[in-house]
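Along the sequence shown, residues are numbered consecutively beginning with 1.
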Amino acid sequence: AIAIRGYASTASTRGIATSLDGVRLNNFSFGTGQSDTPNINLGVLDRIEMIRGPASAVHGNDAFHGVLALHAFESGQDLSQASAEAGERGFYQTSARYSGQATMPLRLNLALAASGQSDQDRSYEYGAGNSIDKEQRYQSRTASLKFVSDPDADIAWRWGIYADEFDAGDFPTSVATHDSGQETSAYFTRLAVAKKLAGSQTLEASGYYRTSAVDRRTYLPPGSFLAQVKNHLGENAQGMALTWRQPHQSGDSTQWAASLGYDVEQFDEGNLMLHYASGAVTDAVLGGVGKDREIASLVVDADTRFADGRW
């Protein structure tokens, strides 16, 4: 959990807008991007930007406490790069990056990364001198593929395709004798086209689509009323925006941007499956399945000199 503005609790991941190259990662079910995309690998990223404090006016209603903006690998020059690291207890992380001219006028930027750790065989004590071993293993994989045209061209294109998968198992819950695991996946794409206008102004049209799934499971020890709890969630989101902006130029006193956007998040699947020690199984559909959330936005942001100050 990321705590901003002094709020620290199990729900403090809410109210923080998380995005990758402008694609919203906050999901419908939990109101956060930290749960179903928990481990986007650093090897595919160029930088991470963070805004502490309210930013809802510009970044949407998920940004009440702050913004976490991830930017995937991109290079303006030809590049081939690979790295691999390993540590004790089976920890590893590896990445590969490539940038080259795909076809005129598009440049291809590809980044692949993975990380994980094997069985940790960690001992947890509970009760009177009793202990239990936990594997605490996980595997994480992230990929980013971007086609980018010359940003100085009259019409500039940008198309990104992204994938992230995470699998964790045998982690302790609040009770050491219980263990939990999680499998998550997220796949999304974004296309943006920008047209240069007079006076260094630009008009950009963009759209994205994202689909994600989360499977959580908790195993209880022998003798418990329940043997296993499984939770499955699936959703998709899509959105579009039209942005008109004027950057700072020499002699100009004002930069501004105006954006008109529309986003739809859809909660498609939600199941809670209870496996009882007796062998019985209960499979219940969670409330909210089939519902969606629509967000229409108009944002105007300006920075100007006025009366010997900046406004």
Chemist: For the residue pair Q246 and S200, establish whether any side-chain heavy-atom pair is separated by less than 4.5 Å.
Modeler: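 Q246 reaches S200 side chain to side chain.
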
Chemist: Check S149 against I155 and note the closest heavy-atom contact, atom names and distance.
Modeler: OG-O, 4.3 Å

Chemist: Can you find a heavy atom in the side chain of W157 that is under 4.5 Å from one in the side chain of P105?
Modeler: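 Contact flag for W157/P105 side chains = no.
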
Chemist: Answer yes if I295 and M240 sit in the same cluster of Ile, Leu, Val, Met, Phe, Trp and Tyr residues linked by side chain heavy atoms under 4.5 Å apart, and no otherwise.
Modeler: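 The answer is no; the residues belong to distinct hydrophobic clusters.
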
Chemist: Does a side chain donor of either E165 or Q139 reach within less than 3.5 Å of an acceptor in the other side chain?
Modeler: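 On atom types as modelled, these side chains do not qualify, holding no pair under 3.5 Å.
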
Chemist: For a salt bridge (Lys or Arg N to Asp or Glu O under 4.0 Å) check, start with the C-alpha distance between D167 and R217, then their side-chain angles and the critical distance, and finish with the verdict.
Modeler: CA-CA 11 Å; D167 179 13; R217 56 198 179 276; 3.7 Å; yes

Chemist: Could you measure the distance from the CG atom of L197 to the CZ atom of R245? Nearest 0.5 Å is fine.
Modeler: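 That separation rounds to 11.5 Å.
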
Chemist: Could you tell me which non-hydrogen atom of G90 sits nearest to which non-hydrogen atom of S118, and how far apart they are?
Modeler: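 The answer is CA-OG, 3.4 Å.
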
Chemist: Let me check something: any side-chain donor-acceptor pairs from residues 222-231 under 3.5 Å, sequence neighbours excluded? List them with distances.
Modeler:
unit_1: S224; atom_1: OG; unit_2: P221; atom_2: O; d: 2.9
unit_1: Q228; atom_1: NE2; unit_2: Y219; atom_2: OH; d: 3.1
unit_1: N231; atom_1: ND2; unit_2: N271; atom_2: O; d: 3.0

Chemist: For K291, look at atom NZ and say whether over 12 heavy atoms of other residues, nucleotides or ligands are found less than 6.0 Å away.
Modeler: no

Chemist: Judged by atom type as modelled, is there a donor-acceptor pair below 3.5 Å linking the side chain of S144 to the main-chain atoms of A72?
Modeler: no

Chemist: Under 4.5 Å between side-chain heavy atoms, hopping through other hydrophobics if needed: is there a path connecting I40 to L42?
Modeler: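 Yes, because I40 and L42 connect within a single hydrophobic cluster, where side-chain heavy atoms sit under 4.5 Å apart.
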
Chemist: Do you know the tightest heavy-atom contact between A143 and L112?
Modeler: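 Nearest heavy atoms, A143 then L112: CB-CD2, 3.6 Å.
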
Chemist: Take E235 and R210, measure what side chain to side chain contact (heavy atoms under 4.5 Å, CB included) needs, and give me the verdict at the end.
Modeler: CA-CA 8 Å; E235 62 181 64; R210 173 178 60 84; 4.0 Å; yes

Chemist: Check for a donor-acceptor pair, side chain of D170 on one end and backbone N or O of K134 on the other, with a separation under 3.5 Å.
Modeler: no

Chemist: Taking T94's backbone N and O only, do any of them form a donor-acceptor pair with E85's side chain (distance below 3.5 Å, no angle check)?
Modeler: no

Chemist: Under the salt bridge (Lys or Arg N to Asp or Glu O under 4.0 Å) rule, what pairs show up with a residue in residues 99-123, not counting sequence neighbours?
Modeler: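 For residues 99-123, and leaving out neighbouring residues, the salt bridge (Lys or Arg N to Asp or Glu O under 4.0 Å) pairs sorted by first residue read D78-R107.
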
Chemist: Looking only at atom types and distance, does a side-chain atom of T202 sit under 3.5 Å from a main-chain N or O of A194, one as donor and one as acceptor?
Modeler: no

Chemist: Does some side-chain heavy atom of N39 sit less than 4.5 Å from a side-chain heavy atom of S115?
Modeler: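 Sidechains of N39 and S115: in contact.
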
Chemist: Under the criterion salt bridge (Lys or Arg N to Asp or Glu O under 4.0 Å), I'd like the reasoning laid out for D21 against K146: C-alpha separation, chi angles, the key distance, then a yes or no.
Modeler: CA-CA 10 Å; D21 282 352; K146 297 162 70 172; 3.1 Å; yes

Chemist: Between L145 and V193, is there shared hydrophobic-cluster membership here, with clusters defined by ILVMFWY side-chain heavy atoms closer than 4.5 Å?
Modeler: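 Cluster IDs for L145 and V193 match.
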
Chemist: Under a 3.5 Å distance rule, please check whether K196 uses its side chain to pair with a backbone N or O of A156 as donor and acceptor.
Modeler: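 A pair under 3.5 Å: no.
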
Chemist: Do L110 and L79 belong together in a cluster built from hydrophobic side chains that touch within less than 4.5 Å?
Modeler: no

Chemist: Which pairs pass ring-ring contact (aromatic ring centres under 6.0 Å, His included) with one or both residues in residues 89-123, sequence neighbours excluded?
Modeler: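 As it turns out, there is no ring-ring contact (aromatic ring centres under 6.0 Å, His included) pair with a partner in residues 89-123 once direct neighbours are skipped.
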
Chemist: For residues 43-50, dump all side-chain donor-acceptor pairs below 3.5 Å to protein atoms at least two apart in sequence or in another chain.
Modeler:
unit_1: D46; atom_1: OD1; unit_2: R97; atom_2: NH1; d: 3.4
unit_1: D46; atom_1: OD2; unit_2: E74; atom_2: N; d: 2.9
unit_1: E49; atom_1: OE1; unit_2: H71; atom_2: NE2; d: 2.8

Chemist: Side chain to side chain contact (heavy atoms under 4.5 Å, CB included) for S75 and N109? Distances and angles first, verdict last.
Modeler: CA-CA 7 Å; S75 175; N109 296 277; 4.1 Å; yes

Chemist: Return each pair, listed once, that meets ring-ring contact (aromatic ring centres under 6.0 Å, His included) where at least one residue sits in residues 179-214; pairs must be two or more places apart or across chains.
Modeler: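 For residues 179-214: Y162-F188.
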
Chemist: So, taking the atom named CG in D133 and the one named CG in D179, what distance separates them when rounded to the nearest 0.5 Å?
Modeler: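 Rounded to the nearest 0.5 Å, the CG-CG separation comes out at 12.0 Å.
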
Chemist: According to ring pair (Phe, Tyr, Trp, His ring centres under 6.0 Å), who are the partners of W256, at least two apart in sequence or on a separate chain?
Modeler: W244

Chemist: How about R89 and Q117: do any of their side-chain heavy atoms sit closer than 4.5 Å?
Modeler: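 When only atoms from C-beta onward are counted, Q117 and R89 do not touch, as no gap falls below 4.5 Å.
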
Chemist: Are Y124 and Q136 packed together at the side-chain level, in the sense that at least one heavy-atom pair is separated by less than 4.5 angstrom?
Modeler: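 A side-chain contact under 4.5 Å exists here.
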
Chemist: Are side-chain heavy atoms of N27 and E265 found at a separation under 4.5 Å?
Modeler: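 They are not in side-chain contact.
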
Chemist: Are I16 and V23 linked, directly or through other ILVMFWY residues, by side chains that come within less than 4.5 angstrom of each other?
Modeler: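 Shared cluster, yes.
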
